[in-house]
Amino acid sequence: MNGFHLTPIGGGDMLLEPPRGFDSSMRDSLIEAILERLQAAKSSRLYYDMAEIAIIDPVAYQWLDALARACQAINVKMICIHMQPTAAFTLSQFLND
């Protein structure tokens, strides 16, 4: 899945670990693949590990937003974990705009 690791962690939960240097041109097909795996596993929560993401740029924000909306459409709650303060700050700037 384009360098992403999607791991079942029990109780209907999955952990998504993104690679460094994500290629956003594959965004739609990647979201489809993630959703298929979530549905096949009957997942209720997706934990998105943001430990390696220092700053959220417009492309990263659009990716997070699209993935969160897609998860919501299939009734899966997406939760961002291990967010660095710098990423949290830049994310808040996009949410305020």
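Here the structure is a predicted model, which is why all the values come from computation and not from measurement. Positions are given from 1, in the same order as the sequence printed here.
- In plain terms, the two heavy atoms of P18 and I53 that are nearest each other are CG-CD1, 4.2 Å.
- Residues L35 and V76 have side chains not in contact (no heavy-atom distance under 4.5 Å, counting atoms from C-beta outward).
- Residues L64 and M78 have side chains in contact (heavy-atom distance under 4.5 Å, counting atoms from C-beta outward).
- Note: M50 CE to L16 CG = 11.0 Å, rounded to the nearest 0.5 Å.
- Of all non-hydrogen atoms in A41 and M14, the two that sit nearest each other are CB-SD, 4.3 Å.
- The OG atom of S29 sits 9.5 Å away from the CD1 atom of I34 when rounded to the nearest 0.5 Å.
- Between I56 and T90 the shortest heavy-atom distance is N-OG1, 3.0 Å.
- Cluster annotation: I81 is not connected to L95 through the hydrophobic network of ILVMFWY side chains, with a link wherever side-chain heavy atoms come within less than 4.5 Å.
- In this structure, the separation between CD on Q93 and CD1 on I55 is 11.5 Å, given to the nearest 0.5 Å.
- Checked by atom type and distance alone, the side chain of E17 never pairs as donor or acceptor with a backbone atom of L6 at under 3.5 Å.
- No side-chain heavy atom of L30 sits less than 4.5 Å from a side-chain heavy atom of L67.
- Scanning all heavy atoms of the two residues, the minimum distance from G11 to S44 falls at O-OG, 4.2 Å.
- With rounding to the nearest 0.5 Å, the separation of CD1 in I31 from CG in L38 is 11.5 Å.
- Taken from NZ in K77 to OH in Y47, the straight-line distance is 8.0 Å, to the nearest 0.5 Å.
- If you take CD on Q72 and CG on L46, they are separated by 13.0 Å, rounding to the nearest 0.5 Å.
- Looking at T86, its side chain does come within 3.5 Å of a backbone N or O of A54 through a donor-acceptor pair.
- Here the closest heavy-atom approach between residue A51 and residue Q84 is recorded as O-NE2, 2.5 Å.
- Residues L91 and M83 form a side-chain contact, since some pair of their non-hydrogen atoms from C-beta on lies under 4.5 Å apart.
- In this structure, F94 and Y61 have parallel ring planes: the angle between them is below the 30° cut-off, well short of the 60° mark.
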